[in-house]
Peer 1: 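Sharing a structure with you now.
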Amino acid sequence: MAPGHLSVREMREDERPLVLEMLKAGVKDTENRVTLHALTRPPALLLLAAASSGLRFVLASFALALLLPVFLAVAAMKLGLRARWGSLPPPGGLGGPWVAVRSSGDVCGVLALAPGSSAGDGARVTRLSVSRWHRRRGVGRRLLAFAESRARAWAGGMGEPRARLVVPVAVAAWGVAGMLEGCGYQAEGSWGCMGYTLVREFSKDL
């Protein structure tokens, strides 16, 4: 599918269930890799080992004492990721959410934006997901180009000193990171847990 066959418009209310399913599917594609990355870092392994040792004095089963902390940690990580990225944020100062639509009318991607936390921070992508059936067909790049145009228009309307777009990317989403670097974005920061990166932030001056 050529990018020219795509259009981007605001999401209609009747499309909300479909868009939510798309976001949840996108989170599922990365949550296992992010969870594995986080829980195999040395501090996490030490904490899991300490929890298992403590549970051995309470539980009669060695296997249960070993597996229970791992199960709880995995469940907590996945629930946190789904709560953060698997839902639609309320409309912000930049409007939206928006959907990418094929000429056939099929919704194949979703985008949401929000202003930065302080003046000069520009705009941030808060949701960017493409249906698994439409990936590697230019949908992500089309949504990113639309996000850049919205960020420019918003910055000009607000009298911002510069137009800028920030895109957070899960550490395991190498395909998204490669796409951003190919579009001129640079990694500028990150956040995570216990000193290990879980999300990298890519930015671009527009």
Side-chain angles (χ1 to χ4, degrees), residues 1-12 15 18-30 33-34 81 84-89 91-103 106-117 120-158 160 162-191 197-206:
M1 181 182 65
H5 294 164
L6 285 168
S7 61
V8 180
R9 58 166 172 77
E10 284 203 71
M11 181 193 75
R12 299 195 305 259
E15 294 168 335
L18 174 64
V19 168
L20 284 173
E21 286 302 315
M22 190 184 304
L23 287 171
K24 291 174 183 177
V27 171
K28 287 179 182 178
D29 289 342
T30 58
R33 286 174 291 173
V34 172
L81 289 171
R84 186 176 183 87
W85 288 325
S87 60
L88 274 173
L94 283 89
W98 295 274
V99 290
V101 185
R102 294 184 60 179
S103 56
D106 294 335
V107 174
C108 55
V110 59
L111 167 74
L113 297 169
S117 57
D121 284 350
R124 293 179 62 86
V125 171
T126 58
R127 303 290 187 278
L128 177 60
S129 185
V130 176
S131 168
R132 66 181 62 187
W133 309 112
H134 298 276
R135 291 174 188 168
R136 300 186 184 278
R137 297 181 182 182
V139 180
R141 288 179 181 269
R142 178 70 180 87
L143 286 169
L144 187 63
F146 180 84
E148 292 177 359
S149 69
R150 290 292 302 181
R152 289 191 195 96
W154 176 79
M158 296 294 292
E160 289 283 320
R162 60 174 175 168
R164 185 168 177 264
L165 186 63
V166 179
V167 187
V169 179
V171 69
W174 302 114
V176 178
M179 179 191 76
L180 291 170
E181 290 172 343
C183 293
Y185 286 76
Q186 294 183 337
E188 68 161 14
S190 62
W191 57 268
T197 298
L198 295 181
V199 174
R200 293 183 295 167
E201 292 192 336
F202 291 80
S203 68
K204 178 181 178 181
D205 290 333
L206 306 173

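If you read the sequence from its start, that first residue is 1, and numbering goes on from there.
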Peer 1: Mind checking the CG-CZ spacing from L128 to F146? Nearest 0.5 Å is all I need.
Peer 2: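 Answer rounded to 0.5 Å: 12.5 Å.
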Peer 1: Kindly write out the residues that satisfy side-chain hydrogen bond (donor to acceptor under 3.5 Å, both in side chains) with R12, not counting sequence neighbours, or none if the list is empty.
Peer 2: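 R12 satisfies side-chain hydrogen bond (donor to acceptor under 3.5 Å, both in side chains) with D14, E15 once adjacent residues are dropped.
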Peer 1: In Å, rounded to the nearest 0.5 Å, how long is the span from NE2 of H134 to CZ of R136?
Peer 2: 15.5 Å
Peer 1: Taking the side chain as every heavy atom from C-beta outward, state whether C183 and L144 have any pair of such atoms under 4.5 Å apart.
Peer 2: yes
Peer 1: Working note: W98 + L113, criterion side chain to side chain contact (heavy atoms under 4.5 Å, CB included); need CA distance, chi angles, decisive distance, verdict.
Peer 2: CA-CA 9 Å; W98 295 274; L113 297 169; 3.8 Å; yes
Peer 1: So which atom in E10 and which in G96 form the shortest heavy-atom distance, rounded to 0.1 Å?
Peer 2: OE1-N, 3.4 Å
Peer 1: Of all heavy-atom pairs between L23 and S129, which one has the smallest distance, and what is that distance?
Peer 2: CD2-CB, 3.8 Å
Peer 1: In sequence, state the C-alpha distance, the side-chain angles, and the governing distance for V8 and V99, and then conclude on side chain to side chain contact (heavy atoms under 4.5 Å, CB included).
Peer 2: CA-CA 6 Å; V8 180; V99 290; over 6 Å; no
Peer 1: What closest approach, in Å, do A177 and V169 show between heavy atoms, and which atom pair accounts for it?
Peer 2: N-CG1, 4.2 Å
Peer 1: Any donor and acceptor pair, going by atom type alone, linking the side chain of R150 with main-chain N or O of L94 inside 3.5 Å?
Peer 2: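 A pair under 3.5 Å: yes.
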Peer 1: Please round to the nearest 0.5 Å and tell me the distance separating atom CE of M11 and atom CG of L18.
Peer 2: 10.0 Å
Peer 1: Identify the two heavy atoms, one from R135 and one from V130, that lie closest to each other, and give their separation to 0.1 Å.
Peer 2: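 So the two residues come closest at NE-O, 3.0 Å.
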Peer 1: So how far is it from Y185 OH to M179 CE, rounded to the nearest 0.5 Å?
Peer 2: 8.0 Å
Peer 1: Grab the two heavy atoms, one from C108 and one from R102, that are nearest each other, plus how far apart they are.
Peer 2: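 The pair with the smallest heavy-atom distance is SG-CG, 4.0 Å.
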Peer 1: Nearest 0.5 Å, what's the CD-NZ distance between Q186 and K204?
Peer 2: 10.5 Å
Peer 1: Under the side chain to side chain contact (heavy atoms under 4.5 Å, CB included) rule, what do S131 and D106 come out as? Steps first, then yes or no, please.
Peer 2: CA-CA 10 Å; S131 168; D106 294 335; over 6 Å; no
Peer 1: Shortest non-hydrogen contact from A163 to R152?
Peer 2: CB-CA, 4.0 Å
Peer 1: Would you find more than 12 non-hydrogen atoms of other residues, nucleotides or ligands less than 6.0 Å from E188 atom CD?
Peer 2: yes
Peer 1: Drop me the distance from W154's CH2 to L165's CG, to the nearest 0.5 angstrom.
Peer 2: 11.0 Å
